[in-house]
Amino acid sequence: MKAAILPTIGAPDLLLLGEVPDLPVGPTDIAVSVAAAAVNPVDLKTRSGFLKLDLQFPAVLGWDVAGVVTAVGEQVRRFAPGDRVIGMIAQPAHRYGTYAERVVADQELFAPAPSTVPLTEAAAIPLAALTARQTLGTLSLAPDARVLVTGGAGAVGRIAVQLLRHRGHSVGAVARAGDADDLCDLGVVWTGAVDRVEERGWDAVVDTAGLASSIAAVRDDGAFVSIDDNEQPRPQRGITPHKSYVDENGSALAELVAMIDAGQLRVPVARSYALADVARAHTDVAGGGIRGKVLVIP
Ligand SMILES: NC(=O)c1ccc[n+]([C@@H]2O[C@H](COP(=O)([O-])OP(=O)(O)OC[C@H]3O[C@@H](n4cnc5c(N)ncnc54)[C@H](OP(=O)(O)O)[C@@H]3O)[C@@H](O)[C@H]2O)c1
């Protein structure tokens with residue numbers, strides 16, 4: 001099958017279209033013809049070697065996928081050929097990621113695709129939405145808790161903001177000045193730069209932007225969770241910072257899809273690139289400032 005192949009750790013232009021063998025479909029696996037994959041920060045950190053991973057080369061990057069089921073293993077009951085699905089695979093734990101024509105992985109990693117979003121755009125959902133949901137799941141928030149999200153206009157942050165608002169929380173966001181209107185439309189009550197977080201009024205901070213200093217905004221005995229790879233702030237004032245890492249989970253993904261189809265959650269797409277142009281997609285994402293997910297289309 002065609003795939004964007006990474007021959008070794010290095011710069012974006014190492015990513016070139018090539019051929020890798022098709023994987024066998026195991027008893028609980030489904031094979032998916034890829035409509036789109038999404039580019040995530042973890043792909044850039046894997047490619048550049050920032051994350052020290054035991055990769056097998058040639059590697060195929062990519063965690064997010066949307067596509068159509070083409071074959072199922074003999075024990076698969078949840079899906080059938082022709083089904084439209086989305087899924088997230090933790091790429092380093094699999095032989096090949098999703099920057100490819102086909103993906104083969106366990107049925108439990110997938111959910112039916114939303115019916116209200118074009119299939120290609122649905123590739124934007126899995127990793128960012130699962131991360132936001134699972135990160136919030138690590139917090140014990142009182143119903144009236146006030147929560148500050150750093151990187152509130154980013155992929156994970158924007159979903160965390162929407163999930164928190166859906167649960168009725170008062171939400172603030174550390175974000176660039178240009179994102180204030182968009183976040184205001186999502187019901188955010190305060191936006192600003194991290195050094196403008198003057199008051200320790202927030203019950204919890206969800207740090208998606210790697211801004212350890214945002215712990216200053218948490219009240220005494222409040223909560224601080226980060227998904228970023230930067231160093232954590234030190235424990236202080238009864239706050240014990242912790243990290244959250246996304247897990248593969250098709251059932252949780254199905255619940256997020258239901259929210260999307262109910263109009264309760266939106267995951268915007270910024271740009272799409274042909275799979276052959278994935279090096280350019282990586283360069284552009286590394287430049288920052290893109291709002292919405294970037295897709296690659298095989
Ligand atoms: N632990 C996990 O399981 C997990 C899962 C998913 C993602 N992550 C990590 O979480 C981070 C966020 O991922 P993402 O996909 O949401 O990335 P993203 O879409 O790039 O979002 C990051 C957001 O933070 C903003 N930001 C960065 N520095 C800022 C600052 N000083 N002030 C205000 N805003 C700032 C960025 O704005 P600009 O674009 O303008 O810089 C961007 O809007 C990445 O490091 C990623 O690797 C971890």
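This structure is a prediction, so every number in the text was calculated from the model and none was measured. Whatever order the structure lists them in is the order used to number ligands and atoms, beginning at 1. Note: hydrogens, waters and symmetry copies are ignored here, and every other heavy atom, side chains too, is used.
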Exercise. Please write down residue, atom name and distance for the protein heavy atom closest to atom 24 (O) of ligand 1.
Key: G151 CA, 3.4 Å
Quiz item: Can an N or O of G289 be found at a distance shorter than 3.5 Å from an N or O of ligand 1?
Solution: yes
Quiz item: Would a 4.5 Å heavy-atom cut-off, applied to side chains only, mark S272 and T120 as touching?
Solution: no
Quiz item: Can R78 and E108 be counted as an ion pair, charged N to O under 4.0 angstrom?
Solution: yes
Quiz item: Among protein heavy atoms, which lies nearest atom 32 (N) of ligand 1, and at what distance?
Solution: R176 NH1, 3.7 Å
Quiz item: So is A155 polar-close to ligand 1, meaning N/O to N/O under 3.5 Å?
Solution: yes
Quiz item: Could an N or O of ligand 1 be found under 3.5 Å from any N or O of R291, whether backbone or side chain?
Solution: yes
Quiz prompt | Side-chain (D261) to main-chain (S115) donor-acceptor, under 3.5 angstrom | solution = yes
Self-check item: Contact summary for A204 and L139, nearest pair of heavy atoms
Solution: CB-CD1, 4.3 Å
Quiz item: Can you check whether G157 has an N/O within less than 3.5 Å of an N/O in ligand 1?
Solution: no
Quiz item: Can you find an N/O atom of V246 closer than 3.5 Å to an N/O atom of ligand 1?
Solution: yes
Self-check item: Under-4.0 Å heavy-atom contact with ligand 1, by part of T150 that carries it
Solution: neither
Quiz item: Going by the order shown, which atoms of ligand 1 are within less than 4.0 Å of some heavy atom of L127?
Solution: 6 (C)
Quiz prompt | Nearest-option assignment for atom 42 (C) of ligand 1, heavy atoms, candidates G154, G287, S244, A132 | solution = G154
Exercise. Determine the minimum heavy-atom distance between T8 and L14, stating which atoms define it.
Key: O-CD1, 3.5 Å
Quiz item: What's the shortest distance from atom 17 (O) of ligand 1 to any protein heavy atom, and which residue and atom give it?
Solution: P41 CG, 3.6 Å
Practice problem: Look at atom 16 (O) of ligand 1 and say which protein heavy atom is nearest, naming residue and atom and giving the distance to 0.1 Å. | Solution: V156 N, 2.9 Å
Practice problem: Determine, for D182 against R158, whether the closest basic-nitrogen to carboxylate-oxygen distance falls under 4.0 angstrom. | Solution: yes
Quiz item: Between T131 and ligand 1, is there a nitrogen or oxygen pair with a distance under 3.5 Å?
Solution: no
Self-check item: Atom of V206, atom of T135 and distance for their closest heavy-atom approach
Solution: CG1-CG2, 4.1 Å
Quiz item: Got more than 12 heavy atoms from elsewhere within 6.0 Å of CD, E231?
Solution: no
Quiz prompt | A279 to D13 - nearest heavy-atom pair and separation | solution = CB-CA, 4.0 Å
Exercise. Check A175 against ligand 1 and report side chain, backbone, both or neither, counting heavy atoms closer than 4.0 Å.
Key: backbone
Quiz item: Does L211 come within less than 4.0 angstrom of ligand 1, counting non-hydrogen atoms of the residue?
Solution: yes
Exercise. Report yes if the side chains of V60 and M1 come closer than 4.5 Å at any heavy-atom pair, otherwise no.
Key: no
Quiz item: In the protein, which heavy atom is nearest to atom 11 (C) of ligand 1, and how far is it?
Solution: T208 O, 3.2 Å
Quiz item: Which residue and non-hydrogen atom of the protein lie closest to atom 45 (O) of ligand 1, and at what distance in Å?
Solution: K45 NZ, 2.8 Å
Quiz item: Does CZ in R95 sit with more than 12 non-hydrogen atoms of other residues, nucleotides or ligands closer than 6.0 Å?
Solution: yes
Quiz item: Quick one: does K293 get an N or O within less than 3.5 Å of an N or O on ligand 1?
Solution: no
Quiz item: Considering only protein heavy atoms, which is closest to atom 10 (O) of ligand 1, and at what distance to one decimal place?
Solution: I227 CD1, 3.1 Å
Practice problem: Please confirm whether the backbone N or O of L127 pairs with a side-chain atom of D64, one donor and one acceptor, at under 3.5 Å? | Solution: yes
